[in-house]
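Note sheet for the following structure.
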2 protein chains.
Amino acid sequence: MKAGSAEWWRARYAARGRQRPRPGGLELKRITRAALDIVDAEGLAALTMRRVAEDMGVRHTSLYRHVASRDELLVELVDHVLGEVVPGATGRGWRADMEQAAGEFRRVLLAHPAVVPLLTMGQLLGPNALRGREFGLGLLIRAGWEPARAVHIYLTVAHFVIGTALLDAGGAARGVEERTAMTELFAGLPQYPLVRELAEPLNLPDGDQEFAFGLTALLNGMGDPR
Amino acid sequence: MKAGSAEWWRARYAARGRQRPRPGGLELKRITRAALDIVDAEGLAALTMRRVAEDMGVRHTSLYRHVASRDELLVELVDHVLGEVVPGATGRGWRADMEQAAGEFRRVLLAHPAVVPLLTMGQLLGPNALRGREFGLGLLIRAGWEPARAVHIYLTVAHFVIGTALLDAGGAARGVEERTAMTELFAGLPQYPLVRELAEPLNLPDGDQEFAFGLTALLNGMGDPR
DNA sequence: ACCTGAACACCGTTCAAGT
DNA sequence: ACCTGAACACCGTTCAAGT
């Protein structure tokens, strides 16, 4: 049974709450938190079963009683991060709500850049992912969008947020040395004049501004319900 | 020097063409191709240095003469795949050109789903990535968009294509068994009524249709140059 | 210059054994 | 029920040695 699949999640939901951890013992949530700490501080490559166990003061083989594999841990980690997304109604209409929720989603992803690539591992079917779906669909449908169109809008915005976060997390050229390295790189590549000329905005984009620009364009293009 | 960084690519561009492979010997391009075959057939996890070497009839340690690390191989693999993107002018205006280029980009990504997550590893600064940038910026600027805005539009569309491809590649519920598993999963989760009601379009989306919808909305929202 | 063989440190996972 | 210790197969990478 592949970690993150619908079948896997079903078994997971069924098992939830059945655990009764001993005080001070291991527990899925504690493991996930330790994993997130490692990933945030040192990146995905540093996240090994042995390292998680070490940080928790336990042998690495003990982890396998709570999580069947490293892949399962990664799936749980993703939903754990999605749990930090707390959207709320603005009271200023569906567009404002959508922008607020998208911005909140983006904020959380940028706070955990190493986790973002994991969003591509499979479908997002954990409890926190579904809560976000329910919220997004609800605000669109209450605004009068017909369901099929609400799904389109929801998915498009979600994809946009993830897409920009991905390139923001992995891509942006931060720091002076990377910046000068970029300039030197393009200086030696006269075959790409526009890329060279526009190197500054292309490689040192203001991610937030670019995000706002794209989201506005996207929502502008959606029109209005009914 | 981190694989995929501007500094790394600069050294890489400088070294390019300096190799003179023996007939039948190893060569970066042949290694990259072998790697792509493995990844396409069996996914990213199957891509080990040992496996690549085995497929090429060579010892795995030999690869390190042509590529400094597995990470470097992955970076080269990404640009190799981007080389399959062949956009062309439609003669029907910038919007049609942009839609054609985005569709072509999407087509290539979907043909190599296991490679898509790698697009998030770092900046896309290889020769094929830069060629694509130059093309996209060129068509926008020739259409009359001012440079700063052309950069915005280019990045937004690129992010959208990658975002949708990511979720398409990893996410869609293909096959009957995954479909019924999904139904059963939601049947047990009454706390998400909309997610349950709209499970069909949410989890079995027609990716191409959804892509077209989003791209149209995006470009609609951009307006016109000048 | 290129490829090989042996070796090292590290990893995920399994399982019998302890409490 | 939970944790441990030992073990297995596998991995990326290094390097001296061959041609």
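Between dC3(D), dC2(C), dG5(C), one nucleotide has an atom nearer to the side chain of Arg59(B) than all others, and that is dG5(C). Between dT14(D), dG12(C), dC3(D), one nucleotide has an atom nearer to the side chain of Tyr64(A) than all others, and that is dG12(C). Distances from the side chain of Arg70(A) to the nucleotides dT13(C), dA7(C), dT14(D) place dT13(C) closest. Across dG5(D), dT4(C), dG12(C), the shortest atom-to-atom separation from the side chain of Thr61(A) is found for dG5(D).
With respect to Arg107(A) and Glu104(A), a salt bridge is recorded, a charged nitrogen being found less than 4.0 Å from a carboxylate O.
Across all strands shown, dG18(D) forms a Watson-Crick or G-U wobble pair, both distances under 3.5 Å, with dC2(C). Across the strands present, dT13(D) finds its partner in dA7(C); the criterion is a Watson-Crick or G-U wobble pair with both atom distances under 3.5 angstrom.
Checking side-chain atoms of Asp79(A) against main-chain N and O of Ala129(A) turns up a donor-acceptor pair under 3.5 Å.
Arg65(B) comes within 4.0 angstrom of a base, heavy atoms only. Nucleic acid contact for Thr48(A): sugar-phosphate only, since backbone atoms but no base atoms lie under 4.0 Å from a heavy atom of the residue.
If you check distances only, the side chain of His60(A) does reach the base of dT13(C) with a donor-acceptor pair under 3.5 Å.
When the side-chain nitrogen and oxygen atoms of Ser62(A) are compared with OP1 and OP2 of dC2(D), none of them lie within a distance under 4.0 Å.
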Side chain to side chain contact (heavy atoms under 4.5 Å, CB included) between Asp71(A) and Lys2(A), intermediate numbers included: CA-CA 9 Å; Asp71(A) 270 359; Lys2(A) 204 190 151 219; over 6 Å; no
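Geometrically, Arg106(B) engages Phe211(B) in a cation-pi contact defined by less than 6.0 Å to the ring centre and at most 45° from the axis.
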